[in-house]
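For reference, the structure is listed below as structure tokens.
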Amino acid sequence: MKMLLIHADYLEFEAKEKTKIAEETDILNGRMEECLVAFIAVEKKDDEENPQSVVNKAVEEIEKLANNLKVNNIVVYPYAHLSKNLSSPKIALEVLKDIEKKLRENNYNVLRAPFGWYKAFKLSCKGHPLSELSREIYPDDEKVEDKEKIPSKFYLVKENGELIEINKDNINIIEDEELKSLAKYELGIKDKQEKEPVHIKIIKEKDFCDYEPSSDPGHFRWYPKGKLIRDLLAEYVYNLVVSYGAMPVETPVMYDLSVKPIKEHADKFGERQYRFRQGNKELMLRFAACFGQFMIKKDMYLLPKYLPLRLYELSTYSFRYEQRGELIGLKRLRAFTMPDMHTLCLNLEQALEEFENQFWMCLKTGEDLNVSYNVIFRFVEDFFNEYRDWIMNLISKYINKYKKYVILEILPKRKHYWVGKVDIAVIDSLGRPIENPTVQIDVESAKRFNIKVKDSYPILLHCSPTGSLERALCGILESEGKRKDKLPTLPLWLSPIQVRVIPVSDKYINYAIKIAEKLRENNIRVDVDDSEARVGKKIRTAGKEWIPYIVVVGEDEVKNNILTVTIREKSTLKNQYKQHMTTEELIKEIKEKTKDYPFKPLPYPMFVSKQPKFH
RNA sequence: GCCUCGGUGGCUCAGCCUGGUAGAGCGCCUGCUUGGUAAGCAGGAGGUCGCGGGUUCAAACCCCGCCCGAGGCUCCA
């Protein structure tokens, strides 16, 4: 709705002649003194969407101004010429009448000029700063969406391929607690939580990373240990996708909104982006690596034999201007690092084959990060019906391999760029899903970005095998933080300090250093606790740092040339698991456990007494 | 973005209601202790009480605005 508001000494009108849409009325002329005149055009979107909300907002605006100006007389004047996109006359009349009625109820003197007549009018505008104002009023979109939204259906899929529709009442048929949490979340069943997720405490306590109050909310600072973990994860995903056949690229973080496909793709995601003007350009910060990779593909001369063609980029960073109240620790940020692979597929058959491979790749990351994944497939109904056999076959392979059921969402019609996707989630310490790895079948973007293989538009797959690195870490920490069966720990290859050597007294410090150096030469992250504390205290400190191997050396070890190693994985808080082994055996064990994973050296001084605290 | 709660030495928190010299534990430093698997003993240093304004003779405390965090709502390509 468009509205022009005039504070006037008087307004006078006279209806002269009917149009086709004229309302029947006796009030064909009128005059009001000391009044606020509201010229109003009701628009198509008001009509289609939510007329009642427009009425309420318009009345609110008028009253606000009337209050300011201290006037009690209001003229409601239909004025079609304010808009080129008018609503139907029927709705317009209803809206105008409603506005008149509401204002009357609120004790204003209201004069409404007749709708659909050619009218003569005289107006005397007061001419002070507030005397001429225009307002544009948008309908609330909440109710609109409700109207448009046909809800999805959710199913539990078991090994025999049976689909059991799940809803609020039968949710307990899902026995797996984690999968049930995921289903509950999807169905909008919420258990109220008043606590914060445990990873927030852990990241600070362990000197991984922290909030940066002098940036925008949701942008973090990373300390050496957290930086190490992120770098290791980055290298891990790089190796994973490159050995799978992806070609790494790097593309800009910001894009020009005057480029049509960029603008279209960006506009789909509405408010949740950083946009800014620089010079005479309007720019946006990328919220995923799609933009740059699509532009590369658009400019390539693509032959069918190149396909499936996979480009990979670690988007450091992707930016999303999430709502302020929605930012939570590492779970939702405004700047995050997203491994993002896009695969061009010749046709749907090839796309399905790729989808399956990429799905298995996503699941493998759960094993490497030592987290438990829960799977939800989402398909648009038509697509599901057409490829049902293929889908059910994939699901049954998954169930056989991982011994877990899956959730299946069927969407009545396509509303995003994808026709099918899989989301893979870790359940956090409060029973809420952290959705992370994903594969999506995109049938829209190739056309939008004019990516052509010969003369046809290929299918595009989006895949992030771990999801954002920050969220991956979040998932690991939440999983460990909620552990009851044993001590929380990071996977060995991700542990910032893998081994700590503790001399029983400073007599043995040189021996401890010798051991540490030997480990370090073998690419093991090791430090030496040279502090003045007693052994018990040093063990406790090492335990609080989640160090996987603690080597205590004293007289016995020197004499027998053997190490006493406390292995965290096999210990509990009360019972430390200790094992005697030679230095070579320890090295061998660690090398064995980390052999398929990236390595980076200890980013800290080797002596504990020299290691700074970051908080 | 909205609603609720919170922000006090490096960390965890008490004090605020009822205004009057800012507290504890851990950590840190120093000394004693030279030690054997999750907190040895003693002493000491360390605080713009988130920021800005207001009320008051006097503000960590009362009032207003803002910033930051958590929970809830809404959102989540």
Side-chain angles (χ1 to χ4, degrees), chain A residues 140-142 145 185-186 188 190-197 200-201 204-207 210-219 265-273 286-291 318 320-329 331-334 338 340 378 415-418 421 423 430 432-436 438 440 442 444-445 462 464 468 471 487 500 502-509 529 531-547 550-557 564-568 571-579 609 612-615:
Chain A
D140 284 331
D141 31 47
E142 291 166 39
E145 280 183 15
Y185 186 81
E186 291 293 333
K190 281 174 189 160
D191 302 327
K192 298 225 166 162
Q193 291 293 348
E194 271 149 39
K195 287 181 285 188
E196 62 177 43
I200 293 173
K201 194 175 154 211
K204 296 186 195 181
E205 215 172 76
K206 307 273 180 273
D207 263 353
D210 207 343
Y211 303 96
E212 176 51 72
S214 49
S215 181
D216 200 37
H219 295 244
H265 197 63
D267 279 348
K268 289 208 123 187
F269 310 126
E271 300 287 292
R272 300 172 54 219
Q273 3 174 343
R286 66 175 174 194
F287 44 76
C290 306
F291 298 92
S318 283
R320 298 186 187 184
Y321 194 73
E322 303 288 1
Q323 291 183 81
R324 185 64 193 78
E326 272 309 317
L327 301 165
I328 316 169
K331 189 170 174 180
R332 196 177 289 179
L333 297 168
R334 282 183 176 170
M338 181 84 139
D340 210 350
R378 308 179 198 270
K415 50 180 179 179
H416 305 302
Y417 57 73
W418 50 268
K421 69 188 290 208
D423 286 315
L430 305 173
R432 297 177 304 200
I434 310 170
E435 283 188 5
N436 222 3
T438 184
Q440 307 171 357
D442 178 348
E444 198 175 283
S445 300
H462 302 236
S464 185
S468 91
R471 222 182 235 195
L487 294 172
R500 173 159 294 167
I502 298 177
V504 162
S505 76
D506 51 15
K507 270 186 240 157
Y508 304 101
I509 187 114
D529 191 342
S531 67
E532 295 290 306
R534 285 173 194 255
V535 175
K537 182 64 163 289
K538 290 181 180 180
I539 296 283
R540 181 181 137 91
T541 305
K544 285 176 75 177
E545 291 181 45
W546 294 8
I547 294 173
I550 303 170
V551 174
V552 177
V553 294
E555 196 184 343
D556 298 347
E557 287 75 14
T564 308
V565 184
T566 301
I567 302 177
R568 181 174 180 83
S571 303
T572 63
L573 204 52
K574 283 186 186 141
N575 291 304
Q576 307 273 300
Y577 178 89
K578 284 173 280 178
Q579 190 177 328
S609 68
K613 302 265 181 301
F614 284 86
H615 69 276

Check the surroundings of atom NZ in A:Lys268: do more than 12 heavy atoms from other residues, nucleotides or ligands lie under 6.0 Å from it?
yes
Distance, rounded to the nearest Å, where A:Tyr321 contributes OH and B:rA77 contributes P:
19 Å
A:Lys538 NZ - B:rG27 P separation (whole Å)
15 Å
Does a nitrogen or oxygen in the side chain of A:Tyr211 sit under 4.0 Å from OP1 or OP2 of B:rA70?
yes
So does A:Gln440 reach the base of B:rA77 with its side chain, donor to acceptor, closer than 3.5 Å?
no
A:His416, nearest nucleotide to its side chain (from B:rC68, B:rA77, B:rU37):
B:rA77
Quote, to the nearest angstrom, the C1' distance that separates B:rC16 from B:rC61.
4 Å
Options B:rG36, B:rA70, B:rA77, nucleotide nearest the side-chain atoms of A:Arg320:
B:rA77
Base, sugar-phosphate, or nothing for A:Leu327, non-hydrogen atoms under 4.0 angstrom?
sugar-phosphate
Tell me what A:Ile509 touches on the nucleic acid: a base, only sugar-phosphate, or nothing, going by heavy atoms under 4.0 Å.
nothing
Please determine if A:Glu435 and A:Lys421 form a salt bridge, counting it only when a charged side-chain N lies under 4.0 Å from a carboxylate O.
no
Whole-Å distance, A:Leu430 CG to B:rA70 C1', equals 11 Å
Could you give the distance separating B:rA58 and B:rG25 at their P atoms, to the nearest angstrom?
34 Å
Closest of B:rC68, B:rG35, B:rU37 to the A:Lys507 side chain is B:rG35
With RNA chain B as reference, determine whether A:Lys544 or A:Pro217 sits nearer its 5' end, using the nearest nucleotide of each.
A:Lys544
Counting just side-chain N and O atoms, does A:Lys537 come under 4.0 Å of either OP1 or OP2 of B:rG27?
yes
Give one of base, sugar-phosphate or nothing for A:Pro612, where a contact means two heavy atoms less than 4.0 Å apart.
nothing
Does A:Gly543 or A:Gln323 map to a spot on RNA chain B nearer the 5' end, using the closest nucleotide for each?
A:Gly543
For a quick check of understanding: with a heavy-atom distance under 4.0 Å over all strands, which category does A:Thr564 fall into, base, sugar-phosphate or nothing?
base
Find the distance A:Asp210:CG to B:rG50:C1' and express it as a whole number of Å.
15 Å
Proximity to the side chain of A:Arg540 - top-ranked nucleotide from B:rA39, B:rC11, B:rC75
B:rA39
Using a strict threshold of under 4.0 Å (side-chain N to carboxylate O), is an ion pair present between A:Glu545 and A:Lys206?
no
Donor on one side chain, acceptor on other, A:His462 and A:Asp340, under 3.5 Å:
no
Hey, is the side chain of A:Glu557 pairing donor to acceptor with the base of B:rG36 inside 3.5 Å?
yes
Would you say the side chain of A:His219 lies within less than 4.5 Å of the side chain of A:Glu212, judging by non-hydrogen atoms?
no
Looking only at B:rC68, B:rG36, B:rA70, the nucleotide nearest the A:Glu555 side chain is B:rG36
Selection from B:rC11, B:rA77, B:rG40 that lies nearest to any side-chain heavy atom of A:Arg534:
B:rG40
To the nearest Å, give me how far apart CD (A:Glu205) and C1' (B:rC11) are.
9 Å
Heavy atoms from C-beta onward define the side chain here; which of B:rA77, B:rU34, B:rG36 lies closest to that of A:Ser505?
B:rU34
Side chain of A:Asp556 only, heavy atoms from C-beta on: which candidate in B:rA70, B:rA77, B:rG36 is closest?
B:rG36
Students often get this wrong, so: under 4.0 angstrom with heavy atoms, is A:Tyr185 touching a base, only sugar-phosphate, or nothing?
base
What is the separation between atom NZ on A:Lys613 and atom P on B:rG9, rounded to the nearest whole Å?
19 Å
Would you find more than 12 non-hydrogen atoms of other residues, nucleotides or ligands less than 6.0 Å from A:Glu205 atom CD?
yes
Atom CZ of A:Arg432 to atom P of B:rG72: distance rounded to whole Å?
5 Å
For a quick check of understanding: with a heavy-atom distance under 4.0 Å over all strands, which category does A:Lys195 fall into, base, sugar-phosphate or nothing?
sugar-phosphate
Nucleotide of B:rU34, B:rU37, B:rG71 approaching A:Asp506 most closely (side-chain heavy atoms):
B:rU34
From B:rA77, B:rU37, B:rA70, pick the nucleotide closest to the side chain of A:Trp418?
B:rA77
Nearest-Å distance, CD1 (A:Ile328) to P (B:rC75)?
15 Å
Do A:Arg432 and A:Pro197 make a side-chain contact, defined as non-hydrogen atoms from C-beta onward lying under 4.5 Å apart?
yes
